[in-house]
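Counting starts at 1 for both ligands and their atoms, following the listed order. The figures that follow rest on heavy atoms only: side chains count, while hydrogens, waters and symmetry mates do not.
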Amino acid sequence: MTWTVLKFGGTSIGSPENLTRVCALVMAEEQPAVVVSALGSTTDRLAEALDRAERRDRQGAFAQLDQVLETAMQCAQSDDLTGSLTARVDEIRQLLVGVALLGEASDATRDSVLAYGEMLAVEVVTARLIAAGGSAQPIDSRRWCRTDARFGQAHVDEVASYAALRETLIPLGNAVPVIMGFVGSTSDGRTTTLGRGGSDYTAALVANALSAKELQIWSDVAGVMTADPAIVSDARTLERMTYGEALELATFGARVLHPRTLVPLLASRIPMVVRNTFDPADPGTTVDQHGSDDETRATSVTSVTDLALLDLRLRDRHHSPEFGERVHRALQTVTEQVWLVTHSAHGQALSLVVPQAQAHAVKDELERVFATELSREALESIRVRTPVALLTLVAEAMGRTPNVAGRMFAALGQIGVNVHTIGQSATARSISCVVDHADLVTAVRTVHAAFHLTHTPLSIVLLGTGVVGSQLLTQISDQRHALRTSLRIDPQLVGVATSAKLAFDAEGLHADTWSQQAETAFGPHGPVTSDVLDQLARLPVPILVDCTAAAGMEALYREAFARGIHVVAANKKPLTIAGEEAAALRDAARRAHRSYQHETTVGAALPVLSTLDTLIQTGDVVNRIVGSLSGTLGYLCDELSKGVPVDQAVADARERGFTEPRPQEDLGGVDAARKALILARRLGLDLEMDQVEIEPLVDATLLDIPEVEAFLEALKDARQGLADRVSAARGRGEVLRYLAVIDPAATPVLKVGVTTVGQGHPAFALSSSQSMVAFYTERYATHPLVVSGAGAGGAVTASGVLADIIRIGVGLRGG
Ligand code: ADP
Ligand code: ASP
Ligand code: MG
């Protein structure tokens with residue numbers, strides 16, 4: 001028979017129910033050896049107790065111990081252990097009293113306290129295995145795991161430890177050994193620990209000592225994944241990998257494995273599987289000599305936090321040859337953990353990444369070593385940036401694949417994350433870079449997404465929840481799943497603002513419940529303050545979606561572009577401000593490499609602007625554009641042609657959501673004129689709003705009535721005049737239409753107004769709120785290119801806005 005070593009992490013043994021699963025897994029094996037870490041978050045609690053005792057906060061320290069004891073008793077599920085568990089916790093209490101008296105805990109004392117976590121765990125797990133009908137024995141690892149005296153990070157004497165473990169297990173017979181992870185002792189009997197997360201390492205040592213057939217690491221995740229699932233919700237499990245790959249991942253922060261775990265296995269070639277205690281049917285990740293055959297397999301993203309970046313720069317190139325060497329020597333005296341060193345060409349500039357906690361010690365030592373150079377100003381003063389994080393992309397085949405770094409840094413650049421320094425070796429399985437701690441979560445998600453590990457998330461803040469905005473909310477939540485699967489983009493709503501309220505949550509808002517999170521807020525441009533834009537800018541593919549009809553929004557757009565935020569707008573007003581300003585706004589978007597999409601500002605979702613773009617881009621010459629641009633006026637003309645009185649037609653249109661909030665704007669022709677101006681400017685014409693000749697549908701004096709109800713009442717005066725025009729047209733076989741005509745060769749170039757058209761005109765057959773734009777061009781001279789269909793309504797317009805959002809996402813994914 002051969003051994004199988006099963007290691008259970010704190011996450012797997014933190015509750016009585018979890019231990020029931022663990023017992024079943026152990027008892028299913030023929031010859032199991034079990035390695036356990038402390039129960040649940042016991043080690044964290046012991047560390048906190050030590051910190052409090054050092055601050056002489058005894059009560060606080062003891063409160064942590066109470067929790068430790070409670071967890072152990074609960075997990076034991078038997079009163080038989082009460083005496084021994086309480087006695088152990090009393091021992092810890094004594095040690096903490098000593099720490100509180102001194103106000104200081106040595107590294108040796110810390111290890112003595114932390115080791116109790118695993119001590120309690122082996123007692124509890126052994127008792128539970130026996131209660132489940134098995135035979136088990138606790139093994140105190142201080143008896144066999146021989147280490148040096150580097151407390152907190154002890155190094156193991158493998159040869160001596162393997163022999164001692166085998167000897168320790170001889171008297172056990174058939175009983176399952178339940179071995180303390182993480183803990184060892186020096187040859188003179190002092191307790192040591194192997195570093196946080198070290199019980200994985202213990203388990204690998206046990207597997208080697210026993211020449212096990214397999215090492216199983218049971219945790220709370222489905223194996224080693226493409227990213228930490230706590231940060232990236234749709235990270236995937238990697239099925240197979242080599243020891244080397246796992247080592248790289250663990251070294252650069254994949255906490256699921258302690259990096260030193262792989263070292264003994266590299267020699268013995270014992271296969272390791274990382275599996276999920278909560279889903280034992282899942283095969284998890286197999287780590288062995290062979291790894292995966294798939295050359296194109298996924299890359300993983302890992303990160304390490306709580307770091308500091310130190311920058312050193314020599315002014316005088318003369319000193320550079322020995323500069324690096326002196327820095328390295330200085331570092332050796334203060335820290336063992338240098339995460340990254342980058343050297344510029346000629347070695348004049350050097351960046352170092354060290355644990356944040358050691359940043360001051362490192363800086364002090366470097367200042368001591370380079371005191372002369374600093375005083376002569378041959379070396380610039382040393383700069384420290386903190387807190388920073390190291391983000392690493394790992395893949396076995398990376399060195400053989402082009403454009404890995406390009407994709408990684410392009411993705412970070414897209415979201416405006418500043419990369420402070422980069423490291424990659426020629427034979428690299430990984431590329432690392434340093435980013436500010438505040439950017440880390442976004443950066444990890446973005447890099448993960450960029451490697452097609454998942455979809456591209458789009459972060460949306462919606463302004464305005466009127467007819468269009470509210471429909472958009474529904475459409476986003478209805479379409480999200482389909483977009484994720486078909487186009488691999490994921491529009492996520494992170495903010496919603498009305499004129500005075502805002503709900504914002506970087507983790508996402510729900511279309512139905514956002515208003516419960518909304519708070520009153522005011523900034524210079526409404527509730528979306530600079531602070532909100534700053535937060536949005538940190539999220540992946542940030543998009544501001546303007547579904548309001550508010551004036552002055554261009555100032556907000558400018559702020560958005562400056563922060564790298566895209567804008568999608570159904571709002572026409574920022575496009576009809578003074579020509580120079582409108583051009584400056586477009587330039588601002590272009591300079592920031594951001595999109596300003598606004599297809600819905602002309603003809604709702606109809607492809608009007610994109611059709612015009614295509615015509616121009618392919619070299620056609622546009623001679624004339626005729627459009628029925630106002631869905632509202634189109635509808636009204638159609639109703640009038642049927643004999644419906646004007647006031648009643650307007651009231652109906654308003655009810656059906658076909659009008660602007662104030663129908664006066666539609667009837668005055670201003671709305672149609674705005675659309676025509678947007679179209680004309682897109683054609684390249686240099687026109688201002690006051691150059692558009694506008695003929696209102698009804699007498700201009702009626703339009704001055706501010707209140708909507710009073711206006712509707714007064715409209716009755718216009719009934720007769722319009723009815724007369726309709727019947728005269730009917731006599732000629734014509735119908736009433738409200739059309740915009742753009743003709744660069746005519747005077748005025750742009751006019752909107754009431755006219756009558758006969759059969760054969762593209763506007764003749766329009767009905768209801770149908771919009772139409774006819775492009776008369778050199779290529780479409782006799783038969784114009786006509787775009788026609790529903791040109792108003794919340795659902796249609798919202799779909800056009802969503803299409804603009806999708807366009808941004810698809811553009812970024814590259815197809
Ligand atoms: P245990 O107590 O079982 O040893 P750990 O907390 O030490 O558990 O490790 C498991 C955790 O590692 C997971 O909950 C997960 O959040 C984190 N983790 C970080 N990176 C990865 C990764 N690439 N794959 C899987 N888990 C990861
Ligand atoms: N209990 C220790 C820790 O929390 C060791 C481990 O979990 O592997 O760091
Ligand atoms: Mg662990």
Undergrad: With a 4.0 Å cut-off on heavy atoms, is P229 touching ligand 1?
TA: yes

Undergrad: Answer yes or no: does an N/O atom from F182 fall short of 3.5 Å to an N/O atom of ligand 2?
TA: no

Undergrad: Output all residues satisfying salt bridge (charged side-chain N to carboxylate O under 4.0 Å, His left out) with D51, sequence neighbours left out; order by chain, then residue number.
TA: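 In terms of salt bridge (charged side-chain N to carboxylate O under 4.0 Å, His left out), with neighbours along the sequence ignored, D51 is linked to R110.
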
Undergrad: Give me the residue, atom name and distance of the protein heavy atom closest to atom 8 (O) of ligand 1.
TA: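 Heavy-atom neighbour on the protein nearest atom 8 (O) of ligand 1: S219 OG, 3.4 Å.
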
Undergrad: Should you measure from each heavy atom of T11, which atoms of ligand 1 turn up under 4.0 Å away?
TA: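 Ligand 1 atoms under the 4.0 Å threshold to T11: 1 (P), 2 (O), 3 (O), 8 (O).
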
Undergrad: Where does E118 meet ligand 2, judged by heavy-atom distances below 4.0 Å: at the side chain, the backbone, both, or neither?
TA: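 E118 to ligand 2: side-chain contact only, backbone stays beyond 4.0 Å.
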
Undergrad: Compare every heavy atom of T226 with every heavy atom of H448, then report the nearest pair and how far apart it is.
TA: NE2-OG1, 2.8 Å

Undergrad: Considering only heavy atoms, does D228 approach ligand 1 within less than 4.0 Å through its side chain, its backbone, both, or neither?
TA: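 Both the backbone and the side chain of D228 come within reach of ligand 1.
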
Undergrad: Short list, please: which atoms of ligand 1 are under 4.0 Å from a heavy atom of A227?
TA: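 Close to A227: 22 (C), 23 (N).
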
Undergrad: Closer than 4.0 angstrom: is that true for some heavy atom of S199 and an atom of ligand 1?
TA: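 For ligand 1, residue contact (heavy atoms, under 4.0 Å) with S199 is absent.
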
Undergrad: Would you call the rings of F252 and W339 parallel, tilted or perpendicular, where under 30° means parallel and over 60° means perpendicular?
TA: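 If you compare the ring of F252 with that of W339, the planes turn out tilted.
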
Undergrad: Suppose I only count heavy atoms of G223 and a 4.0 Å limit; which atoms of ligand 1 are within that range?
TA: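 Those of ligand 1 that fall under 4.0 Å from G223 are 24 (N), 25 (C).
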
Undergrad: Determine whether the side chain, the backbone, both or neither of K7 has a heavy atom under 4.0 Å from any heavy atom of ligand 1.
TA: side chain

